Amino acid sequence: MIRRIEVADYPRLVEIWESAVVNTHDFLKREDFLYYKERVPSYFPYVTLFGFEQDDKLVGFIGVSDGNIEMLFIENDNRGKGIGRQLVLYAINELHVNKVDVNEQNIQAVGFYEYMGFHVETRSDLDNEGKAYPVLHLQL
């Protein structure tokens, strides 16, 4: 079930984020992981958040802003079960997104978004925090 995220869900979102990032962002330096983990809750108020709930527990979430998927994280134990696909389709069909930014080094995510119909438009050498993690800007 997809539902809107509330502020009370933020601690669970951080748990999901950590589970996903530890298992998919092997390119991330430890100090940068800790940097982002500390800051990720401060990003939540700036995006529209929806979560995927299974057995009364949030297992994934998506954040969108201005037609762009800003974040999509699925708890590691639930990856590969179609949850990300359902959240992206919801964002496309209900929230009218048509863009996504993804770390170039996150090969799984790049492949996933290409499978979902996105294609690379441009590339940035630095991420939004000015760190040397190249970002691909994809569009439907």
Side-chain angles (χ1 to χ4, degrees):
M1 174 181 97
I2 295 175
R3 69 167 175 86
R4 188 176 279 277
I5 293 295
E6 301 171 11
V7 173
D9 296 316
Y10 286 6
R12 177 66 184 140
L13 298 190
V14 174
E15 291 173 0
I16 294 168
W17 177 89
E18 182 171 9
S19 172
V21 170
V22 163
N23 289 283
T24 61
H25 291 59
D26 56 352
F27 56 89
L28 202 59
K29 296 177 190 165
R30 178 77 180 149
E31 62 266 21
D32 290 333
F33 169 80
L34 295 172
Y35 172 88
Y36 291 115
K37 183 179 178 184
E38 180 180 313
R39 283 160 184 75
V40 76
S42 69
Y43 304 149
F44 296 153
Y46 297 100
V47 296
T48 302
L49 290 162
F50 287 87
F52 190 93
E53 202 167 68
Q54 188 172 294
D55 300 324
D56 295 323
K57 181 181 180 187
L58 281 172
V59 296
F61 70 95
I62 192 166
V64 303
S65 177
D66 296 325
N68 196 70
I69 297 172
E70 299 290 343
M71 54 184 74
L72 172 66
F73 295 99
I74 310 302
E75 185 176 51
N76 190 58
D77 290 345
N78 287 286
R79 283 181 42 236
K81 297 180 180 177
I83 295 168
R85 181 178 181 279
Q86 288 183 60
L87 285 167
V88 169
L89 288 174
Y90 181 85
I92 292 168
N93 296 325
E94 302 297 324
L95 308 174
H96 311 292
V97 303
N98 64 352
K99 299 177 285 184
V100 63
D101 295 338
V102 63
N103 290 106
E104 181 178 62
Q105 296 153 301
N106 189 344
I107 304 303
Q108 290 179 33
V110 173
F112 168 75
Y113 286 115
E114 288 175 340
Y115 172 78
M116 295 299 297
F118 291 85
H119 60 274
V120 177
E121 287 286 314
T122 59
R123 179 186 183 274
S124 299
D125 290 332
L126 305 175
D127 69 10
N128 290 341
E129 295 288 328
K131 295 189 178 284
Y133 296 108
V135 173
L136 298 176
H137 308 283
L138 292 85
Q139 192 163 344
L140 285 175

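Keep in mind that what you see is a predicted model, and the values were worked out from it rather than measured. Position 1 is the first residue of the sequence, and the numbers go up from there.
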Does Tyr113 belong to the same Ile/Leu/Val/Met/Phe/Trp/Tyr cluster as Ile83, with side-chain heavy atoms less than 4.5 Å apart forming each link? yes
Phe61 and Leu87 have their tightest heavy-atom pair at N-CD1, 3.8 Å
Working to the nearest 0.5 Å, report the span between CE of Met1 and CG of Asp56. 8.0 Å
Above 12 or not: heavy atoms from other molecules or residues under 6.0 Å from CZ of Arg3? yes
So, taking the atom named CD1 in Ile92 and the one named CE in Met116, what distance separates them when rounded to the nearest 0.5 Å? 5.0 Å
Would you give the length of the straight line joining atom CG of Asn106 to atom CZ of Phe112, rounded to the nearest 0.5 angstrom? 11.0 Å
Nearest heavy-atom approach of Val14 to Pro41 is CG2-CG, 3.7 Å
Contact between Arg30 and Leu34 at the side-chain level, heavy atoms closer than 4.5 Å - yes or no? yes
Taking a hydrophobic cluster as the set of Ile, Leu, Val, Met, Phe, Trp and Tyr residues connected by side-chain heavy atoms closer than 4.5 Å, whether directly or through intermediates, do Phe52 and Ile16 fall within one such cluster? no
Applying side chain to side chain donor-acceptor pair (under 3.5 Å) as the test, list every pair that has at least one member in residues 128-139; sequence neighbours left out. Asp32-Lys131, Asp32-Tyr133, Tyr35-Glu129, Tyr43-Glu129, Asp101-His137, Ser124-His137
Please report the interatomic distance CG(Leu13) to CD1(Ile5), rounded to the nearest 0.5 Å. 4.5 Å
Considering all heavy atoms, the nearest Phe33-Glu18 contact: CZ-CG, 3.6 Å
Can you give me the closest heavy-atom contact between Asn93 and His96, atom names plus distance? O-CE1, 3.7 Å
Side-chain contact test, heavy atoms from C-beta onward, threshold under 4.5 Å: evaluate it for Arg79 versus Thr24 and give yes or no. yes
Common cluster, Phe50/Val40, ILVMFWY with side-chain heavy-atom separation under 4.5 Å: no
In terms of heavy-atom contacts, Tyr36 and Leu28 come closest through CE1-CD1, 4.0 Å
Hydrophobic cluster identity match, Val47 and Leu89, side-chain contacts under 4.5 Å: no
Just list the side-chain donor-acceptor pairs under 3.5 Å for residues 62-73, sequence neighbours left out, or say none.
from  : atom 1 : to     : atom 2 : distance (Å)
Asn68 : OD1    : Val100 : N      : 3.3
Asn68 : ND2    : Glu70  : OE2    : 3.0

So, for Val110 and Glu104, which heavy atoms are closest and what is the spacing to 0.1 Å? CG2-O, 4.0 Å
Worked check of side chain to side chain contact (heavy atoms under 4.5 Å, CB included) between Arg4 and Thr48: CA-CA 8 Å; Arg4 188 176 279 277; Thr48 302; 3.5 Å; yes
Basic-acidic side-chain contact under 4.0 Å: Glu75, Arg12: yes
Reported CG-to-CD distance for the pair Leu136 and Glu121, which is rounded to 0.5 angstrom: 11.5 Å
Within this structure, what is the CG-CG distance for the pair Asp9 and Leu58, rounded to the nearest 0.5 Å? 5.0 Å
Side-chain heavy atoms under 4.5 angstrom apart, residues restricted to Ile, Leu, Val, Met, Phe, Trp, Tyr: same cluster for Tyr46 and Phe44? no
